[in-house]
Every structure is written in C-alpha cells, then in structure tokens.
Amino acid sequence: MTKQPGDSATTEPTQASPDPDEASPDATNPGADEAGPEHPGAASPLATGTPSAQTRTGLLAPGAPLLGLLALGWLTAMLWSTRAVIDSAAAGVTAISLSAFALPGVISAALVAGTAFALFGAELLAQQGRNRATLRFVVAVASGLLIGLAAAFAINLTYADTATTNVIAGTTAAAAIIGGGIAAARTAPVIGAVVAAGLGTLLFVVAFSWARDPLFELFGAGETQESLLNAAKWVSRTESLLAGLMAGLLAFGYLTWSRRRAATHRNDPPALRWPAYLVAGAGPGLLLLVAEVILRVGGRRLLDLAGALSEADAVAQTSLGTSRVDNGIWVLFVGALTAMIAFGRTLGPAPLDEEDPDEA
C-alpha cells in the first residue's frame, strides 16, 4: 500500500541519532557541571584542573618522607640541645631563665615536625586513593598527636624533674598536634613547600648566630646603651629580611619541583595558581607567628616565672617576645613577596588576541 502525503508517517520526520563526535560535553560527562568552580568540593582554589582520580596524582607533595625525617631530626636536635643547656645550668633560677629562652625554638621545631610527619601520613592515603577530607583530617591530626606524645614522653623521661618540665612537654605536644591539623589541607604541594621553607628558615636562624657579633660591630655597636640597642635593631632586621628571602625562594623552588615532577607522570598536570605561591612564601612566617601564640598560651607559666626573677629578666622577656613577633611578620611579608616575584618572572607575555575577520 502506497503512503499518501497526508499520512502521519511522512509528517513526522525521523530523528537521527546524534553523532558521537558532535555530542555535547554534558552528555559525555554528566558530572561536568558539578565539577565546576562553583561546586564546593570540586577543586582547590589554588590549582587549576578537575581533581579526578587521574589528576590527584599530580597534587601530591614530592619528598614528603624526606621532609618528615628532616623535621623529626631537627626536633630531636632541638630537644637534645635544650636538655644539655638546662642540665649544664645551676638548678633553680638559671634553669628557669634558660628554659624560657629555649622554649620558642622547641615549639617551632615541634610545629614543623608535626606538619611534616602528618603530611607524609596524609600523602600515603592519597596515593592509595583514599583522599576524603574527613579521613585525611583524622589521619593528619593523629600523626601530629603521635609526634607530640613521643616528644612529651622523651622530655619527661630525659629532662630533669623541675617545675618547667611539664610546661615544655605540654607546649611541645600541642605544637605538634596543631601542625598535624595544618597538614590536613587538600593542596599538599603548598603544605610541602611551607614545611621545606620553614625548615630552611629555622636552620638559617641558627646559622645566622655566627654572624651576629660581626654585624654588631658593622652597625656601630659601642659602649653606650643607645648604640647597642640601635645595632641590635638593625641586626634583627637583617636576619628577618634574609630569612624571608630564603623562605620565599625555598617555597618557590619546591613548588617548581613539584610541578616538574608531576609533568613527568602526566601530560597535563594541574597548574598551581598564584595564590599557591603567595601562601607558600608566607607560610614560614605564619608558622613562626602560630608558634608564638602557642608559646604565650601554653608556656605562659614558664614566661611568668622567668619574668619574675628580676626586673632585667622581665625586660628581656618582653623584648624577646616583641622581637619574635616582628621577625615572624617580616618573614611572612618578605617570603610572600619573594615567592610572588619569582613566580611572576616565570610567566611569559600574554598572547595578543587575533583580530576576528568578521569584525574587520
């Protein structure tokens, strides 16, 4: 039977199946809209690219085991040197004063060690594909807690039984736990850069002590108190400036290494944006300021005991506290600026937009 023009079979055209090459991205990737930048858990604001199972391998922190070992070694060295200094002093007044002077270095070392060891634990989970935020936070804090408890146990076991021993142990453990919480951040290369730059900054501060006496003479330290204070101010600023420069360069170098290492495993590794370099460069200064907060909260009893020894000790503790805060602020801003400048120099000129022939 011949179909007439009025039949329904001819009035309703047959819909051809869409060409798979012309299919919309939404059809082939249903989760594309959900993985956009507006989605709260889609991607880190510090990196470009979608954090799928394939791209997460490019967001790992390279050298995390080595950073953990170095940070633990530095914490051990600081605990050992502090114990040696306290044991060599006469019991009582001198031991309290020396404990107050040594506690900031121990807290900074514990904070970096807790962050580094927790970063290593969190990266082990990420390599196994278990990178959920809740699980990463629990493992990171537990890792910091493990370092803190080990350090506190070592202090109580090896230090002399004085009124300040529990204060040192408690603040050290608290710093390591807080460091573990810091390592729970999802942008692992930035945390690795902060740890690497923080370790370099702490090592530089110790090495800089050899140059303080020549710099005092260079800045005109004489026999008057005014000249000594002026020279001390310039020595402190020089140390902070150089430490900030080193922190920024180390942070930039680590992030560059992380990007190149990711490129060897992937053809399109997720690129870190400029806020990542800003945070990484400012990270060591932030760690110093966080350590100062821990010191003033957890170590308040020790600082009060040291300041009550004499008027000169009270002035010294106040002056040292102000100097530490200033140093942290200098390292924060100089490190962030240095990392940003170094990152900016790697950017090429923006491509010129070609003129549209339709608009000509």
Side-chain angles (χ1 to χ4, degrees), residues 35-68 71 111-112 114-141 143-144 178-200 247-263 265-266 268-287 290 332 335-336 338-340 342-344 346:
E38 294 81 10
H39 195 272
S44 170
L46 303 181
T48 59
T50 304
S52 61
Q54 291 82 6
T55 60
R56 278 173 186 164
T57 58
L59 291 175
L60 299 179
L66 178 60
L67 289 177
L111 184 63
V112 174
T115 306
F117 191 76
L119 177 65
F120 173 58
E123 288 306 285
L124 289 179
L125 287 178
Q127 292 176 1
Q128 297 175 2
R130 302 174 182 177
N131 203 25
R132 291 181 297 175
T134 303
L135 182 60
R136 183 183 181 94
F137 178 79
V138 171
V139 171
V141 173
S143 301
I178 293 174
I182 294 174
R186 297 295 295 272
T187 311
V190 177
I191 302 301
V194 171
V195 172
L199 274 174
L249 292 176
L250 287 175
F252 169 76
Y254 184 90
L255 290 179
T256 302
W257 176 41
S258 174
R259 176 177 56 82
R260 292 178 178 176
R261 188 173 182 272
H265 295 83
R266 288 186 48 81
D268 54 344
L272 293 175
R273 301 174 181 175
W274 65 265
Y277 291 85
L278 179 67
V279 173
L286 290 173
L287 289 181
V290 170
L332 188 154
T338 302
M340 286 295 298
F343 171 68
T346 63

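For clarity, every value in this text was computed on a predicted model and none was experimentally measured.
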Set of residues satisfying side-chain contact (heavy atoms from CB on, under 4.5 Å) with respect to [X], sequence neighbours excluded:
X: Leu286; answer: Leu332
X: Leu250; answer: Ala197, Met246
X: Ala193; answer: Ala251, Tyr254, Leu255, Ala280
X: Ala336; answer: Leu278, Ala282

Closest approach of [X] and [Y], non-hydrogen atoms and distance?
X: Ala116; Y: Val195; value: CB-CG1, 3.6 Å
X: Ile191; Y: Ile182; value: CD1-O, 3.7 Å
X: Pro284; Y: Ala247; value: CG-CB, 3.7 Å
X: Ala185; Y: Arg136; value: O-NE, 3.2 Å
X: Val190; Y: Ala276; value: CG2-CB, 3.7 Å
X: Trp274; Y: Met340; value: O-SD, 3.5 Å

Contact check, side chains of Leu287 and Val194, non-hydrogen atoms, under 4.5 Å: yes
Ser143 side chain vs Ala118 backbone, donor-acceptor pair below 3.5 Å: no
Aromatic ring pairing Tyr277/Phe252, orientation class (parallel under 30°, perpendicular over 60°, tilted between): tilted
Test ring pair (Phe, Tyr, Trp, His ring centres under 6.0 Å) applied to Phe137 - qualifying residues, sequence neighbours left out: none
